[in-house]
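Working notes, structure below.
Every chain is numbered from 1, with letters handed out A, B, ... down the list of sequences. Everything numeric in this text was worked out from a predicted model, so none of it was measured.
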Number of protein chains: 4
Amino acid sequence: MKFKDNEAIYIQIADLVCENILEGKLPMGEKIPSVRDLAIQLQVNPNTVMRSYDTLQNREIIFNKRGLGFFVSENAQQIIRTGKRQSFLKIRLPELFKEMKLLEISSAELINLYQEYNANLKPNHNEIQ
Amino acid sequence: MKFKDNEAIYIQIADLVCENILEGKLPMGEKIPSVRDLAIQLQVNPNTVMRSYDTLQNREIIFNKRGLGFFVSENAQQIIRTGKRQSFLKIRLPELFKEMKLLEISSAELINLYQEYNANLKPNHNEIQ
Amino acid sequence: MKFKDNEAIYIQIADLVCENILEGKLPMGEKIPSVRDLAIQLQVNPNTVMRSYDTLQNREIIFNKRGLGFFVSENAQQIIRTGKRQSFLKIRLPELFKEMKLLEISSAELINLYQEYNANLKPNHNEIQ
Amino acid sequence: MKFKDNEAIYIQIADLVCENILEGKLPMGEKIPSVRDLAIQLQVNPNTVMRSYDTLQNREIIFNKRGLGFFVSENAQQIIRTGKRQSFLKIRLPELFKEMKLLEISSAELINLYQEYNANLKPNHNEIQ
DNA sequence: GTGGTCTAGACCACC
DNA sequence: GTGGTCTAGACCACA
């Protein structure tokens, strides 16, 4: 897997795990890959994966069973969704709308672009084994 | 003025200047504030402002007259618009649409939010003197 | 039974056994549950229970009869009491008092909280069968 | 400075900073030592100090000004106090009282010990320069 | 086997 | 100068 270089790797890994949870590939209560395993799979340092898991644990998306590993917590999906929703509504959208006004893009155009996007959509394969 | 802390300040300052140009507050050929003045106004290190002007100059949005200062170049508006448009269409929108699908936000909702945003819009005070 | 996650499980199990001894639920000479049984009861790896028993045996709180199991030793209560008393007076209390000063909690308040605690006390179900 | 080895160093450093804030040695808005400087002063790796600052920043006790360093945030004292108070009331005290019952220590004895502690108290010198 | 912590050292962007 | 991230490698306690 390749990472974007304009965002910290540990964030991208955390996001990857979140996506897998949202898509049901990692259901509630499921063990997620061990720090070492995921580090090998993603070709990064274990510390980096550890940091991802740390942030996810702080957000109570995953939890730790001593000596066993990390597991998807009960409300993981909900926590991720509400978090994303917050930042989307409070940060992303205002930015977007501000740019739209500056670029004089109408809402009609926006909808067109959205439908175009959906038409071209391809499935992705970032699955954590 | 307060800056977001997830983006480099010099970028935010450059964006601010661009906005002022797009909105016509800084028309073509106009002198923009000196590095020192803007640094004082924004409570920022002059080096940081200088770096903003540097990037704007590289993009040929402003130009320098030695000993006089920086001035808005002829096709500043056009350069900014096409640049913004590019990144908007190629980067921001795909990200946005991806999140919308994840959050199950329909285009109809999007339109509603846009109208809501426009209704609540407050006049903008990020004017460079 | 649920375990705190900021303390090793084998320590919590050892403490649990000690409590049962202090409260007389496991009188002197009594056989304590086999490693396997307690492991099943507590939903824990047998190695973990074994480690608890090991430390208790080292402190001569329990002893082993080969092929029969572990038994509460003669002066188990006394050993536990003096050990606990030591760590309580030398470690816990100083920490506690230091925090009390920081939080500006008076001894009068402390007494109140103690009485409140006693009033709300619920019977204890951490019994080892 | 020497660290206890039963608690992570980065936690002890965070606690140290908190104490300095509570005692007014680091007033609101004040710059705290740079990561590197404190690392040298405490003879630890900069990463370790960084981790301390990270947790403090997450708890909004300190904040970062890009390129300048970390500063004590406005409600730092309050945040620390309420946090400590919570863990004290919800965790430390119940543990304490439970042990008191097991050890058959009365509240009168507790008060005596508290007064004794106050009498022997010595000032401490963990000041961050 | 699992995570958790720490060190040493590097590189980078930013102010 | 500041923080932020990452790697490599080590050691430890725990299950």
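Between B/E7 and D/E7, the residue anchored closer to the 5' end of DNA chain E is D/E7, taking for each the nucleotide with the nearest heavy atom. With DNA chain E read from its 5' end, the first of the two nearest nucleotides for A/F70 and D/A8 is the one closest to A/F70. Ranked by how close their nearest DNA chain F nucleotide is to the 5' end, D/Q57 and A/N45 are led by D/Q57.
Ion pairing of C/K25 with C/E19 is absent here, as no side-chain N (NZ or NE/NH1/NH2) approaches a carboxylate O to less than 4.0 Å. Between A/E95 and B/K4 there is a salt bridge, with a side-chain nitrogen of the basic residue lying less than 4.0 Å from a carboxylate oxygen of the acidic one. Under 4.0 Å is where a charged nitrogen must lie from a carboxylate oxygen, and between A/K84 and B/E99 no such pair does.
Taking atom CZ on A/F3 and atom C1' on F/dC6, their separation rounds to 12 Å, with Å as the unit. Atom OH of D/Y53 and atom P of F/dT5 are 17 Å apart (whole Å). C/N47 places its CG atom 16 Å from the P atom of E/dT2, with the value rounded to the nearest Å. Going from atom CD1 of A/I9 over to atom C1' of E/dA13 covers 16 Å, rounded to whole Å. Distance B/L42 CG to E/dC14 C1': 17 Å, rounded to the nearest Å.
Of the side-chain N and O atoms in D/T48, one or more sit less than 4.0 angstrom from OP1 or OP2 of E/dT7. Residue B/R51 has a polar side-chain atom (N or O) positioned under 4.0 Å from OP1 or OP2 of E/dC14. At the phosphate of F/dT2, OP1 or OP2 sits under 4.0 Å from a side-chain N or O atom of D/S34.
In this structure, the separation between CG on A/N20 and CD1 on A/I32 is 10.0 Å, given to the nearest 0.5 Å.
Residue contacts shown for D/N64 are limited to sugar-phosphate atoms, with no base heavy atom under 4.0 Å away. Counting any heavy atom pair closer than 4.0 Å across all strands shown, C/Y10 reaches sugar-phosphate atoms only and no base atom. In this structure, A/D54 reaches neither bases nor backbone, as no heavy-atom distance under 4.0 Å exists between it and the strands shown.
For A/R36 against E/dG3, a side-chain-to-base donor-acceptor contact under 3.5 Å is present.
Of the residues C/Y10, C/F63, C/F70, the one that meets the ring pair (Phe, Tyr, Trp, His ring centres under 6.0 Å) test with C/Y53 is C/F70.
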